[in-house]
Amino acid sequence: MLALILSLAVAAGAPETPPPVEQNVALGTDRTDRMTVPVSVAGSEEMPFVIDTGAERTVISRQLAARLNLPKGPVRNLMTVTGSGKVDTVIVPSLELSGSKVREIEAPALDEAHLGAHGMLGIDSLQSRRVTIDFKKNEMKVVPSRRPEDTDPETIVVTARNRFGQLILVDSRFLGEKVQVIIDTGAQTSIGNMALLQRLTRRKKTPNLASVTLTSVTGQTLQAQFAQIDRIQIGGVDMNNIPVAFADAEPFKRFGLANKPALLLGMDALRLFQRVSVDFANKQVRFILPDLSELNARTLVAALD
């Protein structure tokens, strides 16, 4: 949901002395942790763009917009995890990726130093497409989605419902509690809403929490709580020891999930799989499990019986 930086300041239950050491966890800002796809902007040479399946809008860097002399668009409201605010936009005549074109769009223009890329593709550019992230090959593909993919025995298929263009997975549980999940390739760490944390508190399942600050690419900040979660189930998949930040994030309000337990599933959780495919046209997400030999002691992914 546009790149974030999470600053972890104090661990819950840590001794008062010595003082805790501040840690920084990148949420989508580290180029080495994110894969890109080649995109041509208004007929330009291909340039690497990050794909952000948690963002409604495609974003372009101010520097690239200036170099291509893209005309200015109106000032628009941009929503990020930390909130919303007014930003300048530019008119992008076309985007070409994987041999197909996206026609004219208004793209918010942000500083490249914060984006960490020439731009980010949001779901406004992905509605008729399938995004496949192959972590074993370290590559990402975007292709037109005309029919569902063929399914092999190692594939877990999770159906979704569409809300404002976003795919929401409903067959999911968080420490045994029902939760609605959005795949968010723009965030390195997963983010749960306050309704989820409140549900856990009522059921006496509250994890050990640490105070954190989320900072978006627009410079806005948001206070949150951070924890390692023992168990998250997505469809027929079981994941363990997943880092999650809990916050009253803007996207949950936008998707009508502010009062329902919900989770933005980030890249650190997705990287547990060999491959993840998000099919917007057919409303399906496919998870390919890794070989057992590739799993480590910290994290386990398993198909449920």
Side-chain angles (χ1 to χ4, degrees), residues 1-2 4 6-8 10-13 25 27-28 52-56 79-84 158-164 166-216 221-270 272 276 278 285 287 299 301 304:
M1 180 57 62
L2 295 180
L4 297 175
L6 183 152
S7 176
L8 177 58
V10 181
V25 181
L27 301 185
D52 188 349
T53 59
E56 288 188 274
M79 178 186 67
T80 70
V81 166
T82 56
S84 59
V158 182
T159 56
R161 60 184 176 87
N162 187 302
R163 188 168 182 81
F164 301 110
Q166 189 61 261
L167 296 185
I168 300 177
L169 312 183
V170 294
D171 185 17
S172 307
R173 289 186 177 272
F174 190 104
L175 293 177
E177 302 297 324
K178 289 184 178 180
V179 64
Q180 299 186 66
V181 173
I182 296 172
I183 303 296
D184 189 352
T185 60
Q188 186 60 24
T189 295
S190 303
I191 301 174
N193 66 358
M194 297 309 294
L196 175 57
L197 183 57
Q198 291 162 4
R199 171 73 63 83
L200 297 176
T201 300
R202 289 196 299 270
R203 301 293 173 85
K204 298 182 179 180
K205 297 179 180 181
T206 309
N208 292 327
L209 298 170
S211 297
V212 298
T213 300
L214 304 178
T215 304
S216 76
T221 60
L222 178 68
Q223 296 303 306
Q225 299 294 314
F226 187 77
Q228 290 285 133
I229 302 303
D230 292 338
R231 191 181 189 192
I232 300 175
Q233 297 164 269
I234 308 291
V237 178
D238 210 13
M239 296 180 286
N240 305 110
N241 301 323
I242 305 299
V244 175
F246 295 92
D248 187 20
E250 193 71 20
F252 296 118
K253 302 173 187 176
R254 166 63 176 155
F255 301 135
L257 298 175
N259 299 316
K260 301 176 182 179
L263 177 73
L264 300 172
L265 194 68
M267 286 291 279
D268 55 355
L270 298 178
L272 303 180
V276 176
V278 183
V285 178
F287 299 92
T299 309
V301 180
L304 301 175

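What you see below is based on every heavy atom in this structure, not just the backbone, and it leaves out hydrogens, waters and symmetry mates.
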* Asked: Have Thr213 and Gln223 got a donor and an acceptor in their side chains that come within less than 3.5 Å?
  -> yes
* Might you work through the side chain to side chain contact (heavy atoms under 4.5 Å, CB included) test for Ser211 and Gln225, ending with a clear yes or no? => CA-CA 5 Å; Ser211 297; Gln225 299 294 314; 3.8 Å; yes
* Asked: Is any side-chain heavy atom of Arg254 less than 4.5 Å from a side-chain heavy atom of Glu56?
  -> yes
* Student check: side-chain heavy atoms of Phe252 and Ile191 closer than 4.5 Å -> yes
* **Atom NZ of Lys253 with >12 non-hydrogen neighbours under 6.0 angstrom** => yes
* Asked: With side chains defined as the heavy atoms from C-beta onward, is the minimum distance between Leu263 and Ser172 less than 4.5 Å?
  -> no
* Asked: Any side-chain heavy atom of Ile232 within less than 4.5 Å of one from Val244?
  -> yes
* Considering only heavy atoms from C-beta outward, does the side chain of Leu209 approach that of Leu197 to under 4.5 Å? -> yes
* Are Ile182 and Leu167 close enough that some pair of their side-chain heavy atoms sits under 4.5 Å apart? -> no
* **Atom of Pro207, atom of Ile229 and distance for their closest heavy-atom approach** => CG-CD1, 3.9 Å
* To do: Measure the shortest side-chain to side-chain distance between Val285 and Val276 over non-hydrogen atoms and say whether it is less than 4.5 angstrom.
  => yes
* So do Ile242 and Leu272 actually touch side chain to side chain, heavy atoms under 4.5 Å? -> yes
* Structure fact -> Tested for side chain to side chain donor-acceptor pair (under 3.5 Å) against Gln180, the lone hit among Arg161, Lys260, Arg163 is Arg161
